[in-house]
Each structure stands twice: as C-alpha cells, then as structure tokens.
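To start, the structure under review is shown below, and the notes come after it.
Below, chain A is the first sequence line, B the second, and so on; all start at residue 1.
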2 protein chains.
Amino acid sequence: MTRVLVIDDEPQIVRALVINLKARHYEVDAAHDGATALELAAGRHPDVIVLDLGLPDMDGVDVIKGLRGWTRVPILVLSARHSSDEKVEALDAGADDYVTKPFGMDELLARLRAAVRRAEPVPGGTDDVIVETPGFTVDLAAKKVVRGGKDVRLTPTEWHLLEVLVRNTGRLVSQKQLLQEVWGPSYGTETNYLRVYMAQLRRKLEADPAHPRHFITEPGMGYRFER
Amino acid sequence: MTRVLVIDDEPQIVRALVINLKARHYEVDAAHDGATALELAAGRHPDVIVLDLGLPDMDGVDVIKGLRGWTRVPILVLSARHSSDEKVEALDAGADDYVTKPFGMDELLARLRAAVRRAEPVPGGTDDVIVETPGFTVDLAAKKVVRGGKDVRLTPTEWHLLEVLVRNTGRLVSQKQLLQEVWGPSYGTETNYLRVYMAQLRRKLEADPAHPRHFITEPGMGYRFER
DNA sequence: CCCGCGCGTCAGGGTTGTGTCAAGGACGCC
DNA sequence: GGCGTCCTTGACACAACCCTGACGCGCGGG
C-alpha cells in the first residue's frame with residue numbers, strides 16, 4: 001500500500017486530504033509543522049510527501065532541503081503563493097511538483113499518482129528483485145524471506161535493515177549509512193541498535209549465527225551482505 | 001549535455017522555448033506534429049520532452065501513450081486547457097507534469113530541471129571503481145580487496161592507507177601527506193606508524209612481502225603504489 | 001671500523017569495538 | 001484492560017584494533 005505524508009497547518013485542508021486519500025486506499029500520516037514532518041518522514045518512510053510551504057515553525061524550502069539531504073522520495077508542494085519565484089525556489093530545492101491553492105482534488109490526486117508512478121522501480125529492470133543464497137531467499141518486491149521452504153517472520157526494522165544490506169550486496173555499508181537509512185538522518189552514532197538487529201537477522205537467517213557467512217562484520221567500518 | 005524534445009504546432013512558442021533552452025546549454029530538437037515527435041523521440045533519445053497537447057494530426061494523450069509504450073523519459077505537458085479532466089487524463093496517461101498556457105518561462109524551466117533531476121541515476125550508485133594488479137584487486141566503492149579469489153580482511157586504518165595510495169597510483173605520496181590523510185592533520189612526523197601499517201599491507205597483499213612490487217618505498221620521501 | 005640514520009619486523013598491553021542477553025516501555029489489537 | 005509484539009537501553013564478556021617500544025638490518029659517512 002502506498003504511504004503518503006501530508007504536511008499542512010490548516011486542519012481543514014489536512015482533513016480533506018486525509019479523507020480523500022484514505023478513500024482511495026492510501027495509508028496516510030499527517031504533520032502540522034516542519035519538525036514533526038521531518039521526524040515522521042524518517043520514521044515512517046512515506047512513498048510520497050504532500051507539503052504545504054506555509055508552516056508555523058520553519059520555512060517550507062528548508063523542509064525540502066532537510067528531506068533531500070537523505071531521501072529521494074517524491075515531494076509535492078502545496079502553496080497559496082502563485083509567484084514564479086516561489087515555485088522556482090521550491091522546485092530547485094528538490095520538490096517534484098508545485099500546486100497552487102485553491103487546488104482541484106482530482107488534479108492533486110492525479111499529480112500524486114504521477115509522482116508515485118515514476119518513482120516506482122522499472123519493472124523487469126536490471127536490478128534483481130529476488131536474491132538467493134545457499135541458505136535462504138530474499139524477495140525485495142514481495143518483502144518476503146524464505147528459508148528451508150518456510151517464510152521467515154521479520155519485524156519492520158529487521159526487514160528494513162536487511163533491505164539496505166541486500167540492495168548493496170557485496171558492498172560494504174558503513175554503520176552510519178545503515179543507521180541513517182533505517183532509523184533516520186539523526187541516528188548516526190547509535191551503533192548498539194545495529195548490533196542488536198544484526199544479531200537478530202543472523203539468528204533468523206544464518207545457519208550458524210555465531211559464525212555468519214552472509215552478514216559479515218567489518219570491524220570499525222560497517223557490515224557487508226554476501227550471497 | 002541534456003537533450004530536450006519540444007513538440008508544439010505554434011511556431012512562436014517553439015521559438016521562445018528553443019531560444020531559452022539553448023541559452024541554458026540544452027540541446028534542442030523540435031517537432032510540429034505528433035508523428036514527427038514520435039519519430040524524433042525514438043531516433044534522438046531525448047532526456048526530457050515538452051509536449052503541447054493541441055497538435056494538428058493526433059491527440060496529445062495518444063502521443064503520451066505512444067511514448068510510454070517504450071520509454072520512461074520525463075514528459076512535461078503544455079496546454080491551453082485548464083480543465084481538471086484534461087489534466088487528470090494527461091497525467092494518468094503517463095505525463096510527468098502539466099503546465100497551462102500562458103506559462104512563465106522561469107517556472108517552466110524549473111519544472112524541466114526538476115523532471116530531469118529526478119530521472120538521473122542515483123549518484124554513487126552501482127558504479128564500481130576497480131583497480132587491478134597481477135596479484136590482487138581493489139574495489140574502492142565496495143571497500144573490498146580480493147586476492148587469489150578470496151577476500152582480504154583489512155582493518156580501517158589499513159584500508160584508509162591503501163585507499164590514499166591507490167587513488168594516487170603511480171605517484172609518490174610523501175610520508176607527511178599519508179600521515180595527515182590517515183591519522184589527521186596533527187600527525188606529520190610519526191613515521192613509525194607508517195612503517196608498521198605498510199608492513200601489514202605488504203604482508204596481506206604482496207606475494208613476497210620482503211621484496212614488495214606494488215608498495216614501493218622511496219627512502220626519505222614516501223611511498224608509491226604501482227599496479 | 002664504528003656509528004648514526006632510516007626502514008622493516010615483532011610482540012605485548014591498553015583501548016575501542018562487537019556479540020549477547022535480558023529487562024523495561026511504547027504501541028496496537030482484541 | 002489485558003495481551004503480545006516490537007523497539008530501546010544497559011550491562012557484561014570477549015575479540016579486534018591501534019599504539020608503542022625494542023631489536024635487526026643495510027647503508028653511508030666520520
């Protein structure tokens with residue numbers, strides 16, 4: 001299911017958006033200010049963001065920049081200002097689209113669909129959706145892991161960590177990068193999280209968790225997933 | 001250079017676009033009808049398409065569908081019609097953005113930049129930087145060294161030192177420069193560190209550590225990495 | 001011939017990093 | 001309100017890493 005993050009300080013607009021989105025089977029989170037928005041974006045990993053530029057606590061463009069520092073998630077800007085400069089500034093800061101208020105709900109939804117659509121990975125592209133190892137199989141599209149013919153239950157965080165590692169199969173991923181991709185941009189140093197969750201992944205997926213063959217530790221640097 | 005395909009039957013609009021785009025160092029092709037447009041799109045492989053919906057020979061939406069049959073190139077629709085239905089139809093057919101005439105050139109260019117930007121491949125993605133020697137292989141992106149088919153385990157400091165040397169393949173790197181790059185700006189004289197870690201690198205990577213062929217000492221000056 | 005200098009080698013000890021376990025708390029669900 | 005799942009956090013043992021000092025060797029100059 002597609003997850004949308006709506007950021008606006010006007011309750012009636014948020015309500016209208018939430019109702020319309022939920023009716024079309026989107027999963028919706030909402031924030032009323034920039035700080036909450038950045039937090040939610042990091043924690044919930046939305047597939048698309050609808051952002052009102054006029055927020056109470058910070059400049060909308062700064063919100064865009066804050067997001068673009070670590071994610072390429074589509075950002076659809078909503079604004080009451082029609083001036084060309086505003087649009088150019090927001091778009092160049094990293095926004096994907098710019099809609100002026102008052103807006104037609106149909107149009108907004110169509111633009112949302114367009115933004116989500118083009119962010120989708122190429123179907124049948126070069127990147128493998130299924131990664132096999134001698135011990136288990138990871139299906140990135142179906143978000144499923146099979147080991148010995150049986151599905152392995154992973155928690156959201158475990159899956160997220162696995163996903164980042166598998167997408168970088170063979171490459172070393174630094175601890176900082178893992179933390180920021182999974183827990184959000186402000187978590188650069190909490191390496192104990194990594195240790196706990198790497199242990200859980202190994203316990204669930206490695207034949208011998210004490211001597212991992214696929215989830216390899218590079219001391220002082222990071223971790224590496226090998227098939 | 002970014003290549004743009006402009007499709008419009010109004011000569012003055014095409015002229016305005018071409019002039020503005022060329023001034024910003026885009027490469028521009030132009031078509032006045034749908035048939036020519038599809039042909040040019042296939043032959044020239046533009047990085048982005050600006051498409052007027054009101055064409056003399058075919059419906060603009062059909063042009064979009066024709067393009068989407070084989071390419072994901074960003075399509076920016078230009079139209080005199082403001083109706084919501086038109087927009088929704090074009091966007092759902094596969095357009096990336098929809099701008100109504102009359103439009104501001106600044107805004108259009110900003111939307112164009114946004115469309116091109118998000119079509120770019122992720123920087124630092126899958127492209128690997130690999131350096132090979134007769135004895136071993138260094139993959140700078142994956143932070144991996146392979147020797148005789150097996151991975152070589154390097155500590156952070158060893159890797160850091162190797163990285164600096166490899167990035168300067170063939171060139172002499174002074175002891176001071178090595179110390180400062182690996183241990184920090186305040187370490188200019190602790191040459192014993194270098195001796196210890198060069199020895200470890202040689203032991204792990206050289207066929208005959210006592211007579212190094214790749215990690216060469218230039219007495220009194222520094223070290224040099226040769227393939 | 002002896003000495004100083006620069007470099008290579010080795011092994012120990014302090015420091016940092018990692019694996020593991022278990023308990024507490026937040027959250028959603030019935 | 002009770003229950004279960006999941007995330008966070010702290011404590012501890014152990015392993016890995018980095019620094020350090022000592023020694024040997026080759027070379028050139030006194």
Open item on the list: Rounded to whole Å, please give me the gap between CD in B:E206 and C1' in C:dG8.
Closed with: 14 Å

Task: With sequence neighbours excluded, residues passing salt bridge (charged side-chain N to carboxylate O under 4.0 Å, His left out) with B:E190 - done: none

Open item on the list: Could you work out, with salt bridge (charged side-chain N to carboxylate O under 4.0 Å, His left out) as the rule, every residue matching A:D62, not counting sequence neighbours?
Closed with: none

- [ ] Could you tell me the separation between the CD atom of B:E190 and the C1' atom of D:dT20, rounded to a whole number of Å?
- [x] 12 Å

Task: Non-hydrogen side-chain atoms of A:L76 and A:R111 separated by less than 4.5 Å - done: yes

Task: Which residues share a ring-ring contact (aromatic ring centres under 6.0 Å, His included) with A:Y223, sequence neighbours left out - done: none

Open item on the list: Considering every strand and a 4.0 Å limit on heavy-atom distances, what is the contact class for A:T191: base, sugar-phosphate, or nothing?
Closed with: nothing

TODO: Would you please name every residue forming a ring-ring contact (aromatic ring centres under 6.0 Å, His included) with A:Y26, sequence neighbours left out?
DONE: none

Open item on the list: What is the distance, to the nearest angstrom, from the CG atom on A:L194 to the P atom on D:dG10?
Closed with: 16 Å

TODO: Identify which nucleotide among D:dT20, C:dG19, C:dC7 has an atom closest to any side-chain atom of B:Y193, counting heavy atoms from C-beta outward.
DONE: D:dT20

TODO: Using whole Å, report how far CG of A:L161 lies from C1' of D:dC7.
DONE: 14 Å

- [ ] Output all residues satisfying ring-ring contact (aromatic ring centres under 6.0 Å, His included) with B:H160, sequence neighbours left out; order by chain, then residue number.
- [x] none

- [ ] Measure from CD on B:Q175 to C1' on C:dG8 and round the result to the nearest Å.
- [x] 13 Å

- [ ] Check the angle between the aromatic planes of A:Y197 and A:W183 and answer parallel, tilted or perpendicular using the 30° and 60° thresholds.
- [x] perpendicular

Each nucleotide N or O in nucleotides 11-18 of chain D that has a protein N or O under 3.5 Å away: list the pair and distance.
residue	atom	partner	partner atom	Å
D:dC18	OP1	B:T157	N	3.0
D:dC18	OP1	B:T157	OG1	2.4
D:dC18	OP2	B:T155	OG1	2.8
D:dC18	OP2	B:Y197	OH	3.4
D:dC18	O5'	B:T157	OG1	3.4
D:dC18	O5'	B:Y197	OH	3.2

- [ ] Considering just the side-chain nitrogens and oxygens of A:Y223, establish if one lies under 4.0 Å of OP1 or OP2 belonging to C:dG19.
- [x] yes

Open item on the list: Using a strict heavy-atom distance below 4.0 Å, which residues from residues 24-38 of chain A are in contact with DNA chain C?
Closed with: none

- [ ] Looking at every strand, decide which applies to A:Y187 at a 4.0 Å heavy-atom threshold: base, sugar-phosphate, or nothing.
- [x] nothing

Acceptor/donor pairs from residues 207-214 of chain B side chains to any protein atom, 3.5 angstrom cut, sequence neighbours excluded:
residue	atom	partner	partner atom	Å
B:D208	OD1	B:A210	N	3.2
B:D208	OD2	B:H211	ND1	2.9

Task: With sequence neighbours excluded, residues passing salt bridge (charged side-chain N to carboxylate O under 4.0 Å, His left out) with A:D33 - done: none

Residues 141-149 of chain A, side-chain donor-acceptor partners within the protein, below 3.5 Å, at least two apart:
residue	atom	partner	partner atom	Å
A:R147	NH1	A:K204	O	2.9
A:R147	NH2	A:E206	O	3.2

Open item on the list: Quick check on the helix from C:dC1-D:dG30 to C:dC30-D:dG1: what's the angle between its two end axes, five base pairs per end, to the nearest 10°?
Closed with: 20°

Task: Whole-Å distance separating the CG atom of A:L179 from the P atom of D:dC7 - done: 14 Å

TODO: Mind calculating the distance between CG (A:D208) and P (C:dG19) to the nearest angstrom?
DONE: 14 Å

Open item on the list: I'd like to know if the side chain of B:T169 reaches the main chain of B:V166, judged simply by a donor and an acceptor atom lying under 3.5 Å from each other, with no hydrogens or angles considered.
Closed with: yes

TODO: Take atom CZ of A:R224 and atom P of C:dT18, then tell me their distance rounded to the nearest Å.
DONE: 14 Å

Open item on the list: Going by the rule salt bridge (charged side-chain N to carboxylate O under 4.0 Å, His left out), which residues pair with A:R224 if we only count those two or more places apart in sequence or in a different chain?
Closed with: A:E218

